[in-house]
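Numbered from 1 within each chain, the chains take letters A, B, ... in sequence-line order.
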Amino acid sequence: MNGEELMALCKRRGVFWPSAELYGGAQGLYDYGPVGVAIKKRLEEAWVQWFVGLSPDYHLIDPAEILPEAVVRASGHLANFADLEVLCGQCGTASRADHLLEEAGVASGEGLRPEEVRILLEERKVRCPRCGAEKLSVPTPFNLMFGLDFGATGRERAYLRPETAQGAYLAFPRMWEVARKQLPFGIGVIGKAYRNEIAPRQGLFRMRAFTQAELQIFFDPEEFLPEWEPMADLAIPVLRADERAAGSQEARPRTVRELVEKGGLPPFYAFHMAVLFRFARDVLGYPADRIRFLEKNEKERAFYNRIHMDLEVKLDSLGGFKEMGAVHYRGDYDLTRHGEGSGTDLSVTTSRGKHLVPHVLEVTFGVDRNLWALADLHLATEPSPDPGEPPRTVWRLPSYLAPTLVGVIPLIRKEHTSFARELSGKLRDEGLSTALELTGSVGKRYARLDEIGVPRALTIDAETITQGTVTIRDRDTRAQVRRPVIEVAAALRPGSIPPRFSAGAGEPTPGTRSISI
RNA sequence: GCGGUCAUAGUGUAGUGGUUAGCACGCAAGGUUCCCAACCUUGCAACCCGGGUUCGAAUCCCGGUGACCGCACCA
């Protein structure tokens with residue numbers, strides 16, 4: 001399915017749509033509809049179960065979305081997110097002033113005021129890199145962060161967080177107490193982050209407001225040794241930075257053991273690559289041959305990242321591999337900077353009496369873009385198994401990610417609707433999500449459920465009334481089995497529970513395996 | 001941000017100066033059928049926004065907004 005078809009279907013079925021359509025739309029902003037909200041919540045819950053569930057010492061917090069200026073100054077976002085931009089007066093091309101200065105032989109344009117940069121550009125007679133005209137505009141700051149007037153006077157500055165991670169770092173001292181002064185411990189955050197992207201594009205991929213799920217693990221690099229051996233033989237496709245420099249574009253599968261023993265990666269790093277890989281493959285159901293890790297080189301990665309690998313997934317709708325998550329080894333950069341910025345010593349003393357600033361391993365996950373990927377990879381229009389019938393569109397979402405667990409359909413509307421309502425209500429009382437489908441032919445109702453990924457449908461017919469049994473239809477195979485009504489809730493419930501991480505190599509999960517009926 | 005292409009019911013589209021703005025799917029009501037988008041009847045629903053040209057603009061021009069594709073950007 002291409003990107004435009006996917007977007008059309010998502011708009012039509014209430015998954016998501018551009019924000020403020022009434023006023024012509026707002027670039028880079030999307031609203032989730034009822035189906036999208038449900039899937040997103042399920043996806044976030046699956047992430048929590050898998051990542052925060054890695055250790056009893058990992059905890060979810062919900063820090064503020066607004067950061068005072070001092071925070072982003074210390075974190076480096078104020079300096080690094082606020083590039084000076086110049087426009088060419090002849091061709092209109094926008095260029096980064098610091099890049100132009102660098103090319104002109106000025107070692108570091110960083111930290112200069114706009115006026116100082118303007119003078120330097122003039123002195124060096126810097127020309128537009130595209131058309132060569134010497135007509136560059138006055139440098140103006142272009143900040144990727146949304147600035148806010150904070151407080152009644154509006155004189156205090158604050159910013160919408162450009163990443164959720166900062167809130168976790170700020171919470172470190174308090175969490176050190178909450179986590180009973182033990183390393184390692186982890187902080188998970190799911191929430192919105194905001195970036196004033198120059199050119200938001202590609203649906204949910206480059207948004208100005210987006211949801212991140214991030215796990216920050218604080219640890220002593222000499223003592224952090226997760227048990228990677230059970231996953232030693234798990235093969236993960238990886239494209240290393242040195243291989244890319246040598247011209248290779250193909251990821252090569254290597255085992256976790258190989259990554260540790262030959263690849264020079266710390267065991268804790270390789271372990272979390274494997275955890276993220278298995279989440280994509282086993283929980284989200286992405287085909288293994290469409291997943292890879294891409295190591296960022298020194299130029300591409302932020303300077304504080306010692307190791308940076310993006311988890312990428314190949315999507316037809318966006319024409320190639322796209323970043324879905326990442327593993328960043330950030331060293332002690334964050335706590336050191338916030339220690340300096342706040343004037344507070346953020347080093348800790350461990351139970352073994354060791355004194356250190358904890359290091360951070362960050363495992364990030366883009367919620368919106370993965371929701372898009374779930375549509376790209378699991379939603380397809382295919383020929384009907386019955387000749388002469390129109391093709392059907394099926395979203396083969398894993399059942400624990402489905403917006404609704406089960407549809408309830410009265411076979412004959414006049415005769416079976418009241419029973420259907422009653423059954424639907426009972427299932428809801430038991431905590432299962434249901435969707436009543438009353439209008440149109442039975443086939444049409446199944447088709448509607450297929451399209452939004454509802455994995456099971458209960459059909460109420462004459463036998464339901466007389467015998468107390470219903471048919472349970474499987475979305476993927478269309479097969480039906482008949483079961484006593486009283487057994488239905490118990491049979492369906494396991495399918496609503498996302499898997500938790502367990503040691504071992506794992507295995508790909510077919511969408512609805514966990515519902516065994 | 002630059003360049004190109006484009007913008008018509010919920011979705012996909014037809015319409016190149018005067019149309020009751022057409023079609024398909026959809027949705028709703030009823031009938032029929034009674035386990036996979038069938039059929040019949042009826043109904044719902046659109047010219048992105050703002051200027052301009054013209055007797056008259058969905059159609060031509062300008063500006064805005066948004067989308068797609070390339071370039072640039074993506075700590």
Undergrad: Pick the nucleotide of RNA chain B nearest each of A/A479 and A/L318; which residue has the one closer to the 5' end?
TA: A/A479
Undergrad: Roughly how far apart, to the nearest Å, are B/C34 and B/A21 at atom P?
TA: 42 Å
Undergrad: Taking only the C1' atom of each, what is the distance from B/G10 to B/A45 in whole angstrom?
TA: 8 Å
Undergrad: Would you state whether a donor and an acceptor, one from the side chain of A/R473 and one from the base of B/C36, lie under 3.5 Å apart?
TA: yes
Undergrad: If you measure only the distance, is there a donor-acceptor pair under 3.5 Å linking the side chains of A/Y169 and A/R330?
TA: yes
Undergrad: Kindly point out which of B/C36, B/A37, B/G1 is positioned nearest to the side chain of A/R478?
TA: B/C36
Undergrad: If pairing requires Watson-Crick or G-U wobble contacts with both distances under 3.5 Å, which nucleotide is the partner of B/A9?
TA: none
Undergrad: For every nucleotide of nucleotides 26-34 of chain B, 5' to 3': is a protein heavy atom under 4.0 Å from its base (B), only from its sugar-phosphate (S), or from neither (-)?
TA: SSSS-S--B
Undergrad: Regarding A/D450, tell me which of base, sugar-phosphate or nothing describes its non-hydrogen contacts under 4.0 Å with the strands shown.
TA: nothing
Undergrad: Scan A/R448, A/R445, A/R421, A/R413 and name whichever one has a salt bridge (charged side-chain N to carboxylate O under 4.0 Å, His left out) with A/E437.
TA: A/R448
Undergrad: Checking A/N370 side chain against A/M324 main chain: does a donor-acceptor pair fall under 3.5 Å?
TA: yes
Undergrad: Please give, in whole Å, the distance from B/C25 P to A/E451 CD?
TA: 16 Å
Undergrad: B/C74 P sits how many Å from A/E163 CD, rounded?
TA: 16 Å
Undergrad: Roughly how many Å apart are B/G15 and B/C55, using the C1' atom of each and rounding to a whole number?
TA: 23 Å
Undergrad: Is there a donor on the side chain of A/Q480 or the base of B/C35 sitting less than 3.5 Å from an acceptor on the other?
TA: yes
Undergrad: What is the distance, rounded to the nearest whole Å, between atom CZ of A/R206 and atom P of B/G1?
TA: 14 Å
Undergrad: For the pair A/K296 and A/E323, find out whether any cationic side-chain nitrogen is under 4.0 Å from an anionic carboxylate oxygen.
TA: no
Undergrad: What distance, rounded to whole Å, do you find between the two C1' atoms, one in B/U59 and one in B/G17?
TA: 7 Å
Undergrad: How about A/H338 and A/Q166: does a side-chain donor come under 3.5 Å of a side-chain acceptor?
TA: yes
Undergrad: Mind checking A/R301 for me? I need base, sugar-phosphate or nothing, with any heavy atom below 4.0 Å counting as a touch.
TA: nothing
Undergrad: In this structure, how many angstroms lie between the P atom of B/C74 and the CZ atom of A/F210, rounded?
TA: 15 Å
Undergrad: Searching all strands shown, indicate the nucleotide that pairs with B/C68 (Watson-Crick or G-U wobble; both distances under 3.5 Å).
TA: B/G4
Undergrad: Where the side chain of A/R475 meets the backbone of A/G453, is there a donor-acceptor pair that is under 3.5 Å apart?
TA: yes
Undergrad: If the sugar-phosphate is the primed atoms plus P, OP1 and OP2 and the base is the rest, what is the B/S/- string for nucleotides 61-68 of chain B, using protein heavy atoms under 4.0 Å?
TA: ----SSSS
Undergrad: For B/U19, what is the paired nucleotide under Watson-Crick or G-U wobble rules, both distances under 3.5 Å?
TA: none
Undergrad: Give a yes-or-no answer on whether the side chains of A/T393 and A/T381 include a donor-acceptor pair shorter than 3.5 Å.
TA: yes
Undergrad: Which part of the nucleic acid does A/S19 contact within heavy-atom distance under 4.0 Å: base, sugar-phosphate only, or nothing?
TA: nothing
Undergrad: Considering every strand and a 4.0 Å limit on heavy-atom distances, what is the contact class for A/A8: base, sugar-phosphate, or nothing?
TA: sugar-phosphate
Undergrad: Mind calculating the distance between CE (A/M207) and C1' (B/C74) to the nearest angstrom?
TA: 15 Å
Undergrad: May I ask you to check whether A/H328 and A/Y304 place their ring centres under 6.0 Å from each other?
TA: no
Undergrad: Can you check the A/E437 CD to B/C35 C1' distance for me, whole Å?
TA: 15 Å
Undergrad: Please report the distance separating the C1' of B/U32 from the corresponding atom of B/C40, rounded so that it comes out in whole Å.
TA: 8 Å
Undergrad: Could you give the CZ-to-P distance, from A/F205 to B/C69, as a whole number of Å?
TA: 13 Å
Undergrad: Any strand counts, and the cut-off is 3.5 Å on both contacts for Watson-Crick or G-U wobble. Which nucleotide pairs with B/A37?
TA: none
Undergrad: Within this structure, what is the CD-to-P distance between A/E21 and B/C49, rounded to whole angstrom?
TA: 14 Å
Undergrad: Give A/F303 one of three labels, base, sugar-phosphate or nothing, depending on what nucleic acid heavy atoms sit under 4.0 Å from its own.
TA: nothing
Undergrad: So, A/H416 side chain and A/I409 main chain: donor-acceptor pair closer than 3.5 Å or not?
TA: no
Undergrad: Take A/N305 and A/Y333, measure what side chain to side chain contact (heavy atoms under 4.5 Å, CB included) needs, and give me the verdict at the end.
TA: CA-CA 8 Å; A/N305 277 331; A/Y333 173 81; over 6 Å; no
Undergrad: Under a 3.5 Å limit for both distances, which nucleotide forms a Watson-Crick or G-U wobble pair with B/C60, could you say?
TA: B/G52
Undergrad: Is it the case that A/R157 places NZ or CZ above or below the six-membered ring of A/Y159, under 6.0 angstrom from the centre and within 45 degrees of the axis?
TA: yes
Undergrad: Looking only at atom C1', what distance separates B/U33 and B/U20, rounded to whole Å?
TA: 36 Å
Undergrad: Looking only at the side chain of A/R482 (C-beta and beyond, no hydrogens), which of the listed nucleotides B/G1, B/C35, B/A37 gets closest?
TA: B/C35
Undergrad: Provide the Watson-Crick or G-U wobble partner of B/A45, both distances under 3.5 Å; none if there is no partner.
TA: none
Undergrad: Find the partner of B/A14: check Watson-Crick (N1-N3 plus N6-O4 or O6-N4) and G-U wobble (N1-O2, O6-N3) distances, both under 3.5 Å, and reply none if neither fits.
TA: none
Undergrad: Would you mind pulling out the nucleotide paired to B/C73, Watson-Crick or G-U wobble, both distances under 3.5 Å?
TA: none
Undergrad: Using atom C1' in both nucleotides, what's the gap between B/A58 and B/C49 to the nearest angstrom?
TA: 14 Å
Undergrad: Looking at A/R290 and A/K314, would you say the former's side chain and the latter's main chain have a donor-acceptor pair under 3.5 Å?
TA: yes
Undergrad: I'd like the P distance from B/C6 over to B/U42, given in whole Å.
TA: 39 Å
